[in-house]
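For reference, the structure is listed below as structure tokens.
Position 1 is the first residue of the sequence; numbering continues from there. From a predicted model like this one, the values you see are computed outputs, not experimental measurements.
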Amino acid sequence: MVRLARLREALSVAEDDPDLVRSQLQAFSRQIPLIYFMLIVNTTAVAITHLGSAPAWLSIYIPVVLCALCVVRSARWWTVRHRVITDDQAAPELRKLIWLVGLFGVAFSSWSLLLFPYGTAFEQSQVAFYMATTMVGCVFCLMHLRAASLLLLSIVVLSFSGFLIFTHSPVFIAMAVDMTLVGFALAVIILLYYRTFAGVVHARRELQISQQKTQRLSDDNFRLASIDSLTDLPNRRSFFASLRAMSELALSTGDGFNVGLIDLDGFKQVNDIYGHACGDLVLQEVGLRLLELAEPGLFFARLGGDEFGILVQYKLSNEKLVELGARICEALSRPYRVAGNVAELSGTIGWAAFPEAGTTVAQVFERADAALYVGKEGRRGTPVIFSTEHETRIRRSSLVTQELRHADLESELFLEFQPIYDLFTHRPTGLEALGRWHNARLGAVKPEEFIRIAERTELILRITEILLHKALDEVSRWPCELYLSFNLSAIDISTSARARRLIDIVTQSGVPPHRVSFEITETAVTRDFEQAHSALTMIKQAGCRVSLDDFGTGYSSLSYVHRLPFDTIKIDRSFVTDIDSNSASKKIVKSVLDLCRNLGLECVVEGLETATQAEVVKTLGARAVQGYLFSRPMRASAVAAYLQTALAQADAVEAQP
Ligand code: C2E
Ligand code: MG
Ligand code: MG
């Protein structure tokens, strides 16, 4: 039973293994012309030798028809030899082939058996030789088609051996036995060969599958290594790889491209107010909005934090670049509705063109960063294209940095003081210390400039220490009811150790801590809310006061202010400049004054230059003010004389009936 099943399997087509069947057909296809060549040559040779002895239908017509069939089949093979066989076509095709081999086997065997009786002993031997060689040749060519080769072997061996036995000639009988044994050996060879062939096909498939798996795995790893997991945008590494590739291509073709950097304005506040989970959702939404804008040749990437990169593969005119930038900014400034909150933020973009702005990856990136910097300083929420003016700024900035590093800051830095004035008592209540730097090579450098640059390089820590020492030195000479207001940078309170250092300097100076108020800007506290909170709390606990400087220029919401331990809020002078003509400014100042009153905070209105402005803010409820109207910042040496005059004037006003 088992043998029978094996035999049936050997003669059938492996329907469940289309891959194997396709490989069989492919391997066989290469042998087809050889089979027909053998058949035509051998048949023609036998037919020619029988021309005289056998009738014409046997020696001419039938061989001609058989050879013609071989030619037709060869021609067909030639026309379809490049066709791709699908899995569905493979099994029926193989079955058709087996039938064809069977028919050819029967046809050629029958012809030679019919021819056999006509010849002499030599010719009969030729027919037997013809049968044996053609069979062996064809069976070898059909090796890959196990069923077909076994079928052909059976047809030829059974028909011819049976026929030869009945000739009763000992020679032919010996031939029949010989042929049967050789046929048996051939069958074994076919079975063994086929098993190896099928094994190779299976092994190759396994290899392919495992290669595909490895490829998929490495594709996945590559994807993970080049995609930002939060936004699904390409990450920093991928951005720089593309930037490098683009610059190489541009250098070889002489074309150009554009690089953009986006920085979100107000993202830190979203993180602080609504939490990091909400911040992540906002970043995801930013990623989606950028992806919506992406098109062939325009790519976006997340470079880290709230910074994103843009690559424009082709050259754009400045107008088009601004237009594209405006489109991106517009998309980013739509409200973000995440986790039940509505967050408002915008994006500032810095653009740089390759090769105009820089001919290396580092240069062009740096220039885009410089343009972004300029945008962040004064044109938030808009695109800025790098220009030579920015270049001059960068040069100046590095010059100032160099000088700050090497100058004798102890002797070059000094302070000016500007009084903070009480509108009701007409007396100064404190003085704000404002840093000044007169450099041997650069001359007087504006505080906005050197402080901004020092903040970037951490040189500000040294500057703060030097200035704080100098300021405290002055305070000890002032009347004891006057306090010092001293400006800090974000870095000054960026660690607890730094905050402690400030407290130590105050304590060691002998000035009572309650006479010292530290000013910190909105943007500084929003850089790291938690850290700012703990540093300001430490400073408060040490007995000093803390003020929020330039209120209104950043993104602080009122609830935000309430969460930090401020004693004073200083309203930025930009709201005062047009307070007598602009009702919006008036409303803002009034609402901040009201808020401070409700929260029990002191409020200083900065930048009063005219008596009208002073009148307006007084009617709005302001008491503490500061501005050129009362005094410009003055040298430390001028403070004593100023105070004397100011206090005398106040006494005189008080004495008036
Ligand atoms: P700020 O702390 O808001 O200081 C007030 C600025 O406004 C000062 O400019 C002052 O001269 C100016 N100002 C005062 N009243 C008026 C007015 O009526 N009209 C106009 N137009 N301006 C007025 P300054 O001294 O140039 O300082 C600029 C900024 O630099 C300061 O703004 C502060 O943020 C920063 N800064 C100054 N000194 C230091 C310092 O020692 N450390 C740190 N970290 N920052 C400082
Ligand atoms: Mg200030
Ligand atoms: Mg201010």
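Using a distance-only test at 3.5 Å, with no hydrogens or angles considered, a donor-acceptor pair links the side chain of Arg380 to the main chain of Lys376. The closest donor-acceptor contact from the side chain of Ser59 to the backbone of Ala47 lies at 3.5 Å or more, if one exists at all. A distance-only check finds a donor-acceptor pair linking the side chain of His390 to the backbone of Ser387 [under 3.5 Å]. Under the 3.5 Å distance criterion, the side-chain polar atoms of Trp351 are left unmatched by any main-chain donor or acceptor of Phe386. Formation of a donor-acceptor pair under 3.5 Å by the Asp265 side chain with backbone atoms of Gly381 is found in this model. Between the side chain of Ser159 and the backbone N or O of Val156 there is at least one donor-acceptor pair closer than 3.5 Å. One N or O on the side chain of Thr133 and one on the backbone of Tyr130 form a donor-acceptor pair closer than 3.5 Å. Here the side chain of Gln126 pairs no donor or acceptor atom with the backbone of Phe122 at under 3.5 angstrom. Judged purely by atom type and a 3.5 angstrom limit, Glu123 uses its side chain to pair as donor or acceptor with the backbone of Thr120.
Side-chain atoms of Thr392 and Arg395, non-hydrogen and from C-beta on, never get closer than 4.5 Å to each other. The shortest side-chain heavy-atom distance between Leu281 and Gln284 falls under the 4.5 Å cut-off. Using a 4.5 Å heavy-atom cutoff, the side chains of Asn235 and Ile227 are not in contact. In this structure the side chain of Ser74 never reaches within 4.5 angstrom of the side chain of Phe37, judged on heavy atoms. Ile62 has its side chain out of reach of Leu115: every pair of non-hydrogen atoms, C-beta onward, lies at least 4.5 Å apart. Contact of the Gln31 side chain with the Leu142 side chain is not registered, since no non-hydrogen atoms from C-beta on lie closer than 4.5 Å. Between Leu324 and Leu298, some side-chain heavy-atom pair lies under the 4.5 Å cut-off. Side-chain contact check for Leu345 versus Val282: some heavy-atom pair is nearer than 4.5 Å.
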Could you give the side-chain donor-acceptor pairs of residues 239-249 under 3.5 Å, partners two or more places apart or in another chain?
{"residue": "Ser242", "atom": "OG", "partner": "Ser238", "partner atom": "O", "Å": "3.0"}
{"residue": "Ser247", "atom": "OG", "partner": "Arg244", "partner atom": "O", "Å": "2.9"}

Just list the side-chain donor-acceptor pairs under 3.5 Å for residues 331-340, sequence neighbours left out, or say none.
{"residue": "Ser333", "atom": "OG", "partner": "Cys329", "partner atom": "O", "Å": "3.2"}
{"residue": "Ser333", "atom": "OG", "partner": "Glu330", "partner atom": "O", "Å": "3.1"}
{"residue": "Tyr336", "atom": "OH", "partner": "Leu332", "partner atom": "O", "Å": "2.7"}

Let me have the donor-acceptor pairs involving side chains of residues 98-111, under 3.5 Å, with sequence neighbours excluded, atom names and distances please.
{"residue": "Ser109", "atom": "OG", "partner": "Gly105", "partner atom": "O", "Å": "2.6"}
{"residue": "Ser110", "atom": "OG", "partner": "Val106", "partner atom": "O", "Å": "2.5"}
{"residue": "Trp111", "atom": "NE1", "partner": "Leu58", "partner atom": "O", "Å": "2.7"}

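Here the straight-line distance linking atom CG of Leu153 with atom CE of Met179 works out to 9.0 Å at 0.5 Å rounding. Rounded to the nearest 0.5 angstrom, Ile262 CD1 and Ile310 CD1 are separated by 4.0 Å. In this structure, the separation between CG on Leu69 and CZ on Arg73 is 9.0 Å, given to the nearest 0.5 Å. One finds the CG atom of Leu151 at 12.0 Å from the CG atom of Leu97 (value rounded to the nearest 0.5 Å). Here Ile328 contributes atom CD1 and Ile349 contributes atom CD1; the two are 4.5 Å apart, rounded to the nearest 0.5 Å. In this structure, the separation between CZ on Arg195 and CD1 on Ile190 is 13.5 Å, given to the nearest 0.5 Å.
The nearest pair of heavy atoms linking Pro63 to Thr43 is CB-CG2, 4.1 Å. Considering all non-hydrogen atoms of both residues, Val270 and Ala343 come closest at CG2-CB, 3.9 Å. Counting all heavy atoms, side chain and backbone alike, Met38 lies closest to Gly137 at CE-C, 3.5 Å. Smallest separation of non-hydrogen atoms from Cys138 and Leu152: CB-CD2, 3.6 Å. Scanning both residues, Ala128 and Met175, for their nearest heavy atoms gives CB-SD, 3.5 Å. Across all non-hydrogen atoms, the minimal contact from Leu264 to Leu283 is CD1-CD2, 3.9 Å.
Residues forming a salt bridge (charged side-chain N to carboxylate O under 4.0 Å, His left out) with Asp369 (at least two apart in sequence, or on another chain): none. In this view, Ile32 and Phe28, Tyr36, Trp77 satisfy the side chain to side chain contact (heavy atoms under 4.5 Å, CB included) rule, not counting sequence neighbours.
There is no side-chain donor-acceptor pair under 3.5 Å between Asp263 and Thr348.
Here ring-ring contact (aromatic ring centres under 6.0 Å, His included) pairs that include residues 315-335, with residues two or more places apart or in two chains, number zero. Applying the ring-ring contact (aromatic ring centres under 6.0 Å, His included) definition to pairs two or more places apart or across chains, none involves residues 264-321. Legend: salt bridge (Lys or Arg N to Asp or Glu O under 4.0 Å) pairs involving residues 354-368, not counting sequence neighbours, sorted by first then second residue: Lys315-Glu356, Arg367-Glu391. For residues 161-185, every residue pair satisfying the side chain to side chain donor-acceptor pair (under 3.5 Å) rule, not counting sequence neighbours, is listed here: Ser161-Thr180. Applying the salt bridge (Lys or Arg N to Asp or Glu O under 4.0 Å) test to residues at least two apart or on different chains, the pairs with a partner in residues 20-31 are Asp19-Arg22, Arg22-Asp87. Judged as a ring-ring contact (aromatic ring centres under 6.0 Å, His included), the pairs with a partner in residues 169-199 (not counting sequence neighbours) are, in order, Phe116-Phe172, His144-Tyr193, His144-Phe197. The salt bridge (Lys or Arg N to Asp or Glu O under 4.0 Å) pairs that include a residue from residues 125-151 are Glu9-Arg146, where partners are two or more places apart or lie in different chains.
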| task | Run the numbers on Ile173 and Leu164 for side chain to side chain contact (heavy atoms under 4.5 Å, CB included), then give the verdict. | result | CA-CA 6 Å; Ile173 291 172; Leu164 290 181; over 6 Å; no
| message | Run the salt bridge (charged side-chain N to carboxylate O under 4.0 Å, His left out) test on Arg327 and Glu323 for me, step by step, so that the C-alpha distance in whole Å, both residues' side-chain angles and the decisive distance to 0.1 Å come before the verdict. | response | CA-CA 6 Å; Arg327 233 171 351 113; Glu323 213 176 277; 5.9 Å; no
| field | Candidate pair Leu113 and Met131, rule side chain to side chain contact (heavy atoms under 4.5 Å, CB included), full reasoning | value | CA-CA 9 Å; Leu113 290 179; Met131 282 304 285; 6.0 Å; no
| message | I'd like to know whether Leu150 forms a side chain to side chain contact (heavy atoms under 4.5 Å, CB included) with Leu191, so could you lay out the CA-CA distance, the side-chain angles of the two residues, the decisive distance to 0.1 Å, and finally the verdict. | response | CA-CA 9 Å; Leu150 289 178; Leu191 290 173; 4.1 Å; yes
| message | As a quick check of understanding, evaluate side chain to side chain contact (heavy atoms under 4.5 Å, CB included) for Tyr373 and Leu261, giving each step before the final call. | response | CA-CA 10 Å; Tyr373 188 86; Leu261 293 180; over 6 Å; no
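Annotation: Arg205, atom CZ; neighbour count of heavy atoms from other residues, nucleotides and ligands within 6.0 Å is above 12.
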